Amino acid sequence: MAFHAHEVLEAAWKNGPDDERMLWQGLAQLAVGITHVQRGNCTGAASLLRRAAGRLSADPHVGRYSVDGAGLVAFANALADDLDAGAEVATDRLRPRLRI
């Protein structure tokens with residue numbers, strides 16, 4: 001359901017408070033990165049996952065909603081590294097833990 005999550009998160013980023021834009025944009029990019037993995041676009045997925053990690057690591061608002069920012073950054077970077085290396089990614093690996 002990553003694509004559906006992306007749609008909801010994108011709406012939050014575009015309609016939410018300006019000071020939370022990086023948080024919602026980072027989460028939306030994480031979701032669409034996972035969608036790209038599911039659709040077989042590993043290059044696009046790795047790029048989006050790295051952008052998501054950059055936004056989430058720079059956003060001070062992740063704690064406001066108990067988002068596991070550090071865990072999601074580690075997840076996104078590790079998944080992007082594996083995709084770049086051509087590793088197989090199991091479906092169950094595409095379900096990151098979102099909250100602390």
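Predicted model only: the values in this text are computed from it and were never measured. All values below come from the heavy atoms of this structure, side chains included, with hydrogens, waters and symmetry mates left out.
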Is [Y] close to [X] at the side-chain level, that is, under 4.5 Å between some pair of heavy atoms?
X	Y	value
Met22	Leu27	no
Arg97	Asp68	yes
Asn77	Leu49	no
Arg50	Asp81	yes

Quick one: list whatever passes salt bridge (Lys or Arg N to Asp or Glu O under 4.0 Å) with Arg51, sequence neighbours left out. none
Can you list the residues that meet the salt bridge (Lys or Arg N to Asp or Glu O under 4.0 Å) rule with Arg93, with sequence neighbours excluded? Asp82
Where at least one partner belongs to residues 24-45, residue pairs that pass ring-ring contact (aromatic ring centres under 6.0 Å, His included), sequence neighbours excluded: Trp24-Tyr65
Tell me, which pairs form a ring-ring contact (aromatic ring centres under 6.0 Å, His included) where one or both residues lie in residues 71-100, sequence neighbours left out? none
Mind checking what makes side-chain contact (heavy atoms from CB on, under 4.5 Å) contact with Leu94, not counting sequence neighbours? Ile34, Val37, Gln38, Leu79, Val89
By side-chain contact (heavy atoms from CB on, under 4.5 Å), Asp19 pairs with (sequence neighbours left out) Pro17, His61, Arg64
Distance check, rounded to the nearest 0.5 Å: [X] atom [atom1] versus [Y] atom [atom2]?
X	Y	atom1	atom2	result
Arg21	Leu23	CZ	CG	12.5 Å
Leu98	Leu72	CG	CG	5.5 Å
Gln29	Thr35	CD	OG1	12.5 Å
Glu7	Met1	CD	CE	11.5 Å

Residues clustered with Val32, ILVMFWY side-chain links under 4.5 angstrom: Leu48
Please give me the minimum heavy-atom distance between Ala53 and Ala76, naming the atom from each residue. CB-CB, 4.1 Å
Taking all non-hydrogen atoms of both residues into account, name the closest pair between Leu83 and Ala46 and its distance. CD1-N, 4.1 Å
Flag, side chain of Asp59 to backbone of Arg55, donor-acceptor distance under 3.5 Å: no
Quick check: does any side chain N or O of Ser47 sit under 3.5 Å from a backbone N or O of Gly44, one acting as donor and the other as acceptor? no
Just jot down the side chain to side chain donor-acceptor pair (under 3.5 Å) partners of Arg39, sequence neighbours excluded, or say none. none
